[in-house]
Q: 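This is the structure I have questions about; it appears just below.
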There are 2 protein chains.
Amino acid sequence: MSSMDKNISPAVIKRLPRYYRYLGALKAKNITRISSKELSERMKVTASQIRQDLNNFGGFGQQGYGYNVENLYVEIGKILGLDKSNQMIIVGAGNLGQALANYQDFNNNSIGFQVIALFDVNPKLIGITVHGVEVHDIDDMEEFIKNHEIKIAALTLPQDQAPKIAKELASWGIKGFWNFAPVDLTLPDSVTVENVHLAESLMTLTYNIHSREDNEDTGE
Amino acid sequence: MSSMDKNISPAVIKRLPRYYRYLGALKAKNITRISSKELSERMKVTASQIRQDLNNFGGFGQQGYGYNVENLYVEIGKILGLDKSNQMIIVGAGNLGQALANYQDFNNNSIGFQVIALFDVNPKLIGITVHGVEVHDIDDMEEFIKNHEIKIAALTLPQDQAPKIAKELASWGIKGFWNFAPVDLTLPDSVTVENVHLAESLMTLTYNIHSREDNEDTGE
DNA sequence: TAGATTGTTAATCGATTAACAATC
DNA sequence: TAGATTGTTAATCGATTAACAATC
């Protein structure tokens with residue numbers, strides 16, 4: 001990683017967290033080494049792809065041996081930026097925002113993400129505490145972001161408010177948006193957006209269900 | 001749609017819901033026709049890609065005119081299976097499951113998805129109502145699925161329980177899983193899984209944030 | 001009709017897989 | 001050492017973009 005990681009394809013980046021998850025599971029089973037071949041069988045990808053992917057970032061393996069699980073786990077964590085402090089805020093303290101604040105899969109020390117505040121306009125929500133995290137008035141957001149040097153914001157607010165608020169957040173220093181609003185955000189190039197478009201993912205599911213049904217009908 | 005849609009690439013399928021969203025927005029603005037060129041500018045993709053994608057499913061356009069917005073919206077809806085009844089259950093009535101039950105983006109009549117039951121093992125949750133939907137005992141799930149002919153299940157339960165329960169659900173007739181558990185499900189080919197791996201999507205976000213920082217440091 | 005824009009074929013680009021020499 | 005497995009180059013495959021004849 002560091003300053004020379006150029007032109008890594010998005011396809012590779014998207015696979016890294018999955019490698020990280022499998023390596024974490026191997027580690028938990030006290031498995032200390034693994035070859036690309038064995039990992040490929042567990043993950044149902046080609047060994048070639050694993051080696052190609054990893055070699056974008058460095059030679060983590062050893063000929064005749066394979067990869068050291070613990071080492072590779074740590075290295076991929078570093079590549080993903082999980083060794084850095086990743087404090088985040090959640091903008092929109094409705095059901096989804098609150099669910100994310102409670103979500104244990106990432107909101108724990110082991111992978112370094114920490115939700116430190118929720119924000120909302122609704123006076124009924126302001127002041128309540130969700131999983132030990134307070135809901136603040138959205139008007140206090142600028143000061144909070146600047147004081148705490150927050151770089152990551154989850155957007156769990158209505159579609160019509162998201163673009164305007166995202167623009168403000170970017171101007172206050174937010175560098176990465178985890179966007180749950182069903183809208184495409186247009187922001188400066190220095191800012192990253194990761195979309196989680198739930199309705200859209202559900203639609204691809206129904207497509208697949210129905211197209212499979214049709215294929216079965218025709219005996220394919 | 002229909003039985004002859006063969007070998008459509010997943011890349012194309014993933015783009016369909018986004019077309020659908022843009023067409024819905026155009027419709028709401030009372031725009032009745034659009035060319036692939038104009039749509040491409042709005043969506044920031046190439047016009048060529050739009051035409052290629054749509055022509056996998058049929059010639060919806062007209063030379064010299066473009067596409068009729070309303071018609072194309074309806075057709076893509078059909079392709080995605082949104083014209084069919086899409087009743088679903090949510091397995092796991094924790095924070096995330098409850099948030100999904102409340103989620104208005106898809107859980108409304110306009111796109112045909114309907115959450116009709118939540119299930120959980122926790123006696124404290126069983127019997128409560130979330131957004132008008134009751135939390136049932138997970139032991140009643142088999143009967144419920146069979147009686148209501150449910151085809152879609154959202155899995156919002158702990159990682160260690162997901163694979164076993166998914167297998168049971170598949171044996172009871174579930175054809176599509178919307179999987180929020182951070183684990184890969186191994187299921188028969190007749191079953192579709194759409195993964196929403198939140199922790200993993202957050203990791204790709206941090207990768208992008210940090211790699212962009214690095215590039216700025218070196219003035220690239 | 002003339003102009004616009006599609007549907008579709010061909011060219012390019014990028015990503016995946018295969019192969020194998022290097023080497024632990 | 002001999003066997004195993006990587007790192008990396010070359011071959012293949014698939015997806016995207018460009019071009020243009022067809023046609024509304």
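All chains are named by letter (A, B, ...) in the order of the sequence lines, taking the proteins before the strands, and each is independently numbered beginning at 1. All values below were derived from every heavy atom in this structure, side-chain atoms included, with hydrogens, water molecules and symmetry-related copies excluded.
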Q: What's the closest nucleotide to the Asn55(B) side chain, out of dT5(D), dA15(C), dT8(C)?
A: dT8(C)

Q: With Arg33(B) as the cation and Tyr65(B) as the aromatic partner, state whether NZ or CZ is under 6.0 Å from the six-membered ring centre and within 45° of the axis.
A: yes

Q: Figure out the CZ/C1' separation between Phe60(B) and dT23(D), and round it to whole Å.
A: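 Result: 19 Å.
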
Q: Does Ser48(A) contact dA18(C) through a side-chain donor or acceptor facing the base, at a distance under 3.5 Å?
A: yes

Q: Side-chain N or O of Arg51(B) versus OP1/OP2 of dT6(C): is the shortest distance under 4.0 Å?
A: yes

Q: Salt bridge check, Arg15(B) against Asp53(B): does any charged N sit closer than 4.0 Å to a carboxylate O?
A: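 Yes, charged N to carboxylate O under 4.0 Å.
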
Q: Within the structure, does a side-chain N or O atom of Tyr67(B) lie under 4.0 Å from either OP1 or OP2 of dC24(D)?
A: no

Q: Using only modelled atom types and a 3.5 angstrom limit, is any donor from either the side chain of Gln52(A) or the base of dT17(C) paired with an acceptor on the other?
A: yes

Q: Rounded to whole angstroms, how far apart are CG on Leu39(A) and P on dG7(D)?
A: 13 Å

Q: So, the side chain of Asn86(B) versus the backbone of Leu82(B): is there a donor-acceptor pair under 3.5 Å, distance only?
A: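 Flag not set: sc Asn86(B) to bb Leu82(B) has no pair under 3.5 Å.
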
Q: Can you check side-chain contact (heavy atoms from CB on, under 4.5 Å) on Leu155(A) and Leu185(A), steps first, answer last?
A: CA-CA 11 Å; Leu155(A) 297 183; Leu185(A) 303 175; 3.6 Å; yes

Q: Just the rounded figure in Å: distance from P of dT16(D) to NZ of Lys14(B).
A: 11 Å

Q: Classify the ring geometry between Tyr73(A) and Tyr20(A) as parallel (under 30°), tilted (30 to 60°) or perpendicular (over 60°).
A: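 Plane angle under 30°, so parallel.
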
Q: Both Val45(A) and Gln63(B) contact DNA chain C. Taking the nearest nucleotide for each, which residue is further toward the 5' end?
A: Gln63(B)

Q: Roughly, in whole Å, what's the span from CG in Leu54(B) to P in dG7(C)?
A: 8 Å

Q: Measure CG/Asp53(A) against C1'/dT6(D) and give the value in whole Å, please.
A: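 Taking CG of Asp53(A) and C1' of dT6(D), I get 15 Å after rounding.
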
Q: Can a salt bridge be assigned to the pair Arg21(A) and Asp184(B) using a cut-off of 4.0 Å between side-chain N and carboxylate O?
A: yes

Q: Report the distance from atom CD1 of Ile34(B) to atom C1' of dT6(C), rounded to the nearest whole Å.
A: 15 Å

Q: Let me know the distance between CZ of Arg33(A) and C1' of dT6(D), rounded to the nearest Å.
A: 12 Å

Q: Heavy atoms from C-beta onward define the side chain here; which of dT6(D), dT6(C), dT16(C) lies closest to that of Ser36(A)?
A: dT6(D)

Q: Using a strict 4.0 Å threshold on nitrogen-to-oxygen distance, state whether Glu200(A) and Arg18(B) make a salt bridge.
A: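 Looking at Arg18(B) together with Glu200(A), the answer is no, because their closest N to O distance does not fall below 4.0 Å.
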
Q: What integer distance in Å separates Gln49(A):CD from dA11(D):P?
A: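 To the nearest whole Å, that distance equals 20 Å.
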
Q: Is Arg15(A) close enough to dT16(C) that one of its side-chain N or O atoms is under 4.0 Å from OP1 or OP2 there?
A: yes

Q: Could you work out which one of dT23(D), dC24(C), dT8(D) sits closest to the side chain of Gln62(A)?
A: dC24(C)

Q: Starting at the 5' end of DNA chain C, write a dot or bracket for each base, bracketing those in Watson-Crick or G-U wobble pairs whose two distances are under 3.5 Å and using | for partners on another strand.
A: ..||||||||||||||||||||||

Q: Which pair of non-hydrogen atoms, one from Ala162(B) and one from Val183(B), has the smallest distance, and what is that distance?
A: CB-CG1, 3.9 Å

Q: 5'-most contact on DNA chain C: Gly64(A) or Gly66(B), nearest heavy atom basis?
A: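 Its nearest nucleotide lies further toward 5', so the answer is Gly66(B).
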
